[in-house]
Amino acid sequence: MKKYSSKMPFPFSRAVEANGFLFLSGQLSMNEAGEPVRGSVEEQTCLILQNIEATLKACGSSFEKIVRITVWLSDMAHFQAFNNANRTHFSDGFPARTTVVSRLAFELDVEI
């Protein structure tokens, strides 16, 4: 097992690799200092996916290898806006996905 440390000021690993699988911690719309970055659902989603892409690259992986994602939205009214932004980042088909509604840290609207 290999743990990839996070630069964020929170007590969790950026990702953990175990038995050939890579598990990423949940990502919110945040800058490298761990400060929330507010904006539209599309803007939050794009920043999160950029951060996920950076983590995948640092761990030797890529979007093409993602099997499943779980998405938390602050309100199901954001479902279509999330889908619009998410669609632009998966050019080789979509991973399996679960989407749920929950109150999110820092009152942000999206977590992946």
Side-chain angles (χ1 to χ4, degrees):
M1 179 169 33
K2 182 174 182 179
K3 296 178 182 178
Y4 295 86
S5 62
S6 174
K7 296 177 184 175
M8 297 282 183
F10 307 111
F12 60 81
S13 294
R14 180 179 186 180
V16 175
E17 186 176 345
N19 297 322
F21 293 95
L22 184 65
F23 300 91
L24 275 62
S25 291
Q27 299 283 315
L28 291 162
S29 178
M30 304 185 94
N31 62 25
E32 288 185 8
E35 300 165 334
V37 177
R38 305 200 186 280
S40 68
V41 168
E42 291 93 341
E43 291 167 334
Q44 289 181 48
T45 301
C46 287
L47 178 57
I48 292 166
L49 291 170
Q50 289 170 7
N51 291 340
I52 288 173
E53 185 172 33
T55 296
L56 290 170
K57 186 175 180 179
C59 298
S61 193
S62 65
F63 273 107
E64 291 77 24
K65 294 182 180 180
I66 294 177
V67 174
R68 184 180 189 291
I69 63 173
T70 303
V71 177
W72 289 269
L73 299 174
S74 64
D75 188 313
M76 196 50 87
H78 300 313
F79 189 71
Q80 192 58 47
F82 171 82
N83 284 335
N84 292 340
N86 186 59
R87 183 174 284 115
T88 64
H89 287 78
F90 289 96
S91 60
D92 192 26
F94 300 101
R97 184 178 99 190
T98 300
T99 304
V100 296
V101 173
S102 180
R103 184 172 177 199
L104 301 175
F106 307 104
E107 301 298 323
L108 290 166
D109 295 310
V110 181
E111 181 171 349
I112 304 173

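- Grouping the Ile, Leu, Val, Met, Phe, Trp and Tyr side chains by contacts below 4.5 angstrom, directly or via other members, places Ile69 apart from Trp72.
- Not a single donor-acceptor pair under 3.5 Å links the side chain of Asp75 to the backbone N or O of His78.
- Put simply, CE on Met1 and CZ on Phe21 are 14.5 Å apart, with the number rounded to the nearest 0.5 Å.
- Distance check, rounded to the nearest 0.5 Å: CD of Glu53 to OG of Ser62 gives 8.5 Å.
- Looking only at side-chain heavy atoms (C-beta outward), Asn86 and Asn84 stay at 4.5 Å or farther from each other.
- Under the 4.5 Å side-chain contact rule for hydrophobic residues, Met30 and Val71 do not share a cluster.
- Using a 4.5 Å heavy-atom threshold, the side chains of Lys57 and Cys59 count as separate.
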For residues 8-19, dump all side-chain donor-acceptor pairs below 3.5 Å to protein atoms at least two apart in sequence or in another chain.
{"from": "Arg14", "atom 1": "NE", "to": "Thr55", "atom 2": "OG1", "distance (Å)": "3.0"}
{"from": "Glu17", "atom 1": "OE1", "to": "Tyr4", "atom 2": "OH", "distance (Å)": "2.9"}

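- In this structure, Val37 belongs to a hydrophobic cluster whose other members, linked by side-chain heavy atoms under 4.5 Å apart, are Leu47.
- Atom CD of Glu32 sits in a sparse spot, with 12 or fewer heavy atoms from other residues, nucleotides or ligands closer than 6.0 Å.
- The structure places NZ of Lys7 at 10.5 Å from CG of Asn51, a figure rounded to the nearest 0.5 Å.
- Looking at every heavy atom in both residues, Phe82 comes nearest to Thr45 through CD1-OG1, 3.4 Å.
- Considering CD1 of Ile52 and CD of Gln50, their distance stands at 10.5 Å, rounded to 0.5 Å.
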Distance-only criterion, 3.5 Å: show the donor-acceptor pairs between side-chain atoms of residues 101-112 and protein atoms not counting sequence neighbours.
{"from": "Arg103", "atom 1": "NE", "to": "Glu107", "atom 2": "OE2", "distance (Å)": "3.0"}
{"from": "Arg103", "atom 1": "NH2", "to": "Glu107", "atom 2": "OE2", "distance (Å)": "2.7"}
{"from": "Asp109", "atom 1": "OD1", "to": "Ser74", "atom 2": "OG", "distance (Å)": "2.7"}
{"from": "Asp109", "atom 1": "OD2", "to": "Gln44", "atom 2": "NE2", "distance (Å)": "3.1"}

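- Note that the OG atom of Ser61 and the CG atom of Leu22 stand 5.5 Å from one another [nearest 0.5 Å].
- Between Asn83 and Arg97 there is a side-chain heavy-atom pair separated by less than 4.5 Å.
- In the hydrophobic clustering of ILVMFWY residues, with side-chain heavy atoms under 4.5 Å counting as a link, Ile48 and Leu73 come out together.
- Put simply, Leu49 and Leu28 are part of two different groups of oily side chains (I, L, V, M, F, W, Y) that touch within less than 4.5 Å, one to the next.
- Shown here for Lys65 and Gly60, the closest heavy-atom pair between the two residues is NZ-O, 4.3 Å.
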